[in-house]
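So the structure is just underneath, and the comments pick up after that.
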Amino acid sequence: MKDNKFFKISIAEIVVGAILEILAFIGIADDAGVLAGMGSGILAVGVVQLFRAFRMQSNPEYKKRIETAAKDERYAFISMKAKEAAFSIYLMIAAVICIIWMLTGNREQGVLAGMSICLLVFLYAVMFRIMAKKY
């Protein structure tokens with residue numbers, strides 16, 4: 001089990017989630033609720049992934065099905081299309097929220113939403129260049 005990548009990642013997620021929960025509990029931040037929420041989410045993902053790793057270890061048929069699905073071109077195409085749609089939807093929602101916040105006088109939030117749009121588009125441009133050279 002120690003050679004299993006999913007096992008190692010799930011243990012790391014559980015540790016990070018637990019650390020965030022502990023930091024929230026001792027009140028390291030002004031808003032401990034955010035840390036607690038993030039810690040709970042990461043902890044839950046780690047536990048689910050750990051169960052999945054154990055299931056893959058104990059059930060070779062399940063492991064084969066998961067590995068086949070991961071290598072299937074149809075799933076890769078669907079994943080790419082889903083990411084593309086999420087990217088486009090996020091850009092539109094963030095742009096509308098940015099405009100609304102600017103018009104209602106919430107300049108700081110509007111700038112933050114606008115900067116998130118700029119960051120996402122910048123990351124897309126950089127990744128496009130990298131992928132174009134790679135493929």
Open item on the list: Can you confirm whether Met127 sits close enough to Tyr124 that some side-chain heavy atom of one is under 4.5 Å from a side-chain heavy atom of the other?
Closed with: no

Task: CG on Leu123 to SG on Cys118, rounded to 0.5 Å - done: 11.0 Å

TODO: Report whether Val126 and Leu120 are members of the same hydrophobic cluster (ILVMFWY, side-chain heavy atoms less than 4.5 Å apart, transitive linking).
DONE: no

Task: Within-4.5 Å side-chain heavy-atom neighbours: Val121 and Leu91 - done: yes

Task: Phe51-Phe7 co-clustered via ILVMFWY side chain contacts under 4.5 Å - done: yes

Open item on the list: With rounding to the nearest 0.5 angstrom, report the CG to CG distance, Leu112 to Leu119.
Closed with: 10.5 Å

Open item on the list: For the CD1 atom of Ile99 and the OG1 atom of Thr104, what is their distance to the nearest 0.5 Å?
Closed with: 11.5 Å

- [ ] Give the intermediate values and the outcome of side-chain contact (heavy atoms from CB on, under 4.5 Å) for residues Tyr62 and Arg52.
- [x] CA-CA 10 Å; Tyr62 176 74; Arg52 185 177 176 200; 3.8 Å; yes

Task: Minimum-distance pair of heavy atoms, taken over all atoms of Gly110 and Met102 - done: C-CE, 4.0 Å

Task: Contact check, side chains of Lys64 and Pro60, non-hydrogen atoms, under 4.5 Å - done: no

Open item on the list: Which heavy atom of Tyr90 sits nearest to which heavy atom of Ser116, and what is that distance?
Closed with: OH-OG, 2.9 Å

- [ ] Of all the heavy-atom pairs spanning Lys63 and Met56, show the shortest one and how long it is.
- [x] CB-O, 3.6 Å

Open item on the list: Rounded at 0.5 Å granularity, tell me how far CD in Glu21 sits from CZ in Phe25.
Closed with: 10.5 Å

Task: Minimum heavy-atom distance between Ile42 and Glu13, given as atom pair plus value - done: CG2-O, 3.2 Å

Open item on the list: With clusters defined by side-chain heavy atoms of hydrophobic residues (ILVMFWY) lying less than 4.5 Å apart, directly or transitively, does Leu35 cluster with Val16?
Closed with: yes

Task: Ser79 side chain to Tyr75 backbone, donor-acceptor under 3.5 Å - done: no

Open item on the list: Taking the side chain as everything from C-beta on, heavy atoms only, tell me whether Met115 gets closer than 4.5 Å to Val111.
Closed with: yes

Open item on the list: Count I, L, V, M, F, W, Y as connected when their side-chain heavy atoms are under 4.5 Å apart, and connections chain through other members. Are Ile130 and Met80 then in the same cluster?
Closed with: no

- [ ] Kindly give the heavy-atom pair with the smallest separation between Ala113 and Ala94, and that separation in Å.
- [x] CB-O, 4.0 Å

Open item on the list: Is there a path of hydrophobic side-chain contacts, each under 4.5 Å between heavy atoms of I/L/V/M/F/W/Y residues, joining Leu50 to Val47?
Closed with: yes

Task: Closest heavy-atom pair and its distance - Ile14, Leu43 - done: O-CD1, 3.5 Å

Open item on the list: Let me confirm one number: the NZ-CD1 distance from Lys83 to Ile78, rounded to the nearest 0.5 Å.
Closed with: 12.5 Å

